[in-house]
Amino acid sequence: MSNSQEKRIDVAGVCGTPSWAYNDTVKDHFFNPRNLLKDHEDFDAGGTGTVGSPACGDVMLVAISVDAKTKRITGCRWRTFGCASAIASTSMMSIMVTENGGMTLARARRLKPEEIIDRLGGLPDRKYHCSVLGHEALREAVEDYLNHELS
Ligand code: FES
């Protein structure tokens with residue numbers, strides 16, 4: 001097997017073998033992304049964050065709604081010009097920050113890409129930066145919410 005063939009194995013099968021290294025959870029979130037911001041959706045965003053990946057040039061927008069009393073995230077929407085890994089990891093992130101009554105803003109600020117990857121059951125190493133995209137946009141959205149609160 002050539003070097004170039006070996007490198008392709010982690011995201012797609014070698015020529016002629018239609019296998020994926022993405023696990024079923026990742027594929028599910030890629031094909032059925034949760035909490036995607038729809039065109040013309042009237043989402044009451046308290047904070048938004050947009051970031052670009054220096055690694056690949058892709059872009060991510062994350063919007064959150066927040067309960068002003070509890071400081072918990074009540075809603076999360078996102079959209080991206082990113083890849084399958086970015087879509088799957090941000091979909092999972094949007095569930096993590098809204099489940100169980102919503103994540104506190106303080107906890108959301110400390111959320112790490114590794115936690116998202118763990119919930120997905122893993123991503124190929126070369127796709128780590130894709131999971132950072134949603135997580136950084138979330139942080140920006142939290143900061144945006146807090147800045148608006150102070151002003
Ligand atoms: Fe750009 Fe995955 S390659 S987000």
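Computation of the quantities below employed the complete heavy-atom set of this structure, encompassing side-chain atoms and omitting hydrogens, waters and symmetry-equivalent molecules. Atoms within each ligand, like the ligands themselves, are counted from 1 in listed order.
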In Asp58, what N, O or S atom is nearest to atom 1 (Fe) of ligand 1, if we give its atom name?
OD2
If you define the side chain from C-beta out and look only at heavy atoms, does anything of Val26 sit under 4.5 Å from Leu123?
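Of all side-chain heavy-atom pairs linking Leu123 with Val26, at least one is under 4.5 Å.
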Could you check if a side-chain atom of Leu111 sits within less than 4.5 angstrom of a side-chain atom of Val97, using non-hydrogen atoms only?
yes
N/O/S atom of Cys56 inside 2.8 Å of atom 1 (Fe) of ligand 1, strictly under
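Yes, since at least one N, O or S atom of Cys56 sits under 2.8 Å from atom 1 (Fe) of ligand 1.
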For [X], the ligand 1 atoms whose distance to one of its heavy atoms is below 4.0 Å:
X: Cys130; answer: 2 (Fe), 3 (S), 4 (S)
X: Ala86; answer: 4 (S)
X: Lys127; answer: 3 (S)

May I ask you to check if any N/O/S atom from His129 comes under 2.8 Å of atom 2 (Fe) of ligand 1?
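So His129 does not bind atom 2 (Fe) of ligand 1 by this criterion.
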Checking only N/O/S atoms, does Cys83 have one that is under 2.8 Å from atom 2 (Fe) of ligand 1?
yes
Within a reach of under 6.0 Å around [atom1] of [X], are more than 12 heavy atoms found that belong to other residues, nucleotides or ligands?
X: Asp24; atom1: CG; result: no
X: Phe81; atom1: CZ; result: no
X: Asn147; atom1: CG; result: yes

Salt bridge check: are Glu41 and Arg79 linked by an N-O gap of less than 4.0 Å?
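Looking at Arg79 together with Glu41, the answer is no, because their closest N to O distance does not fall below 4.0 Å.
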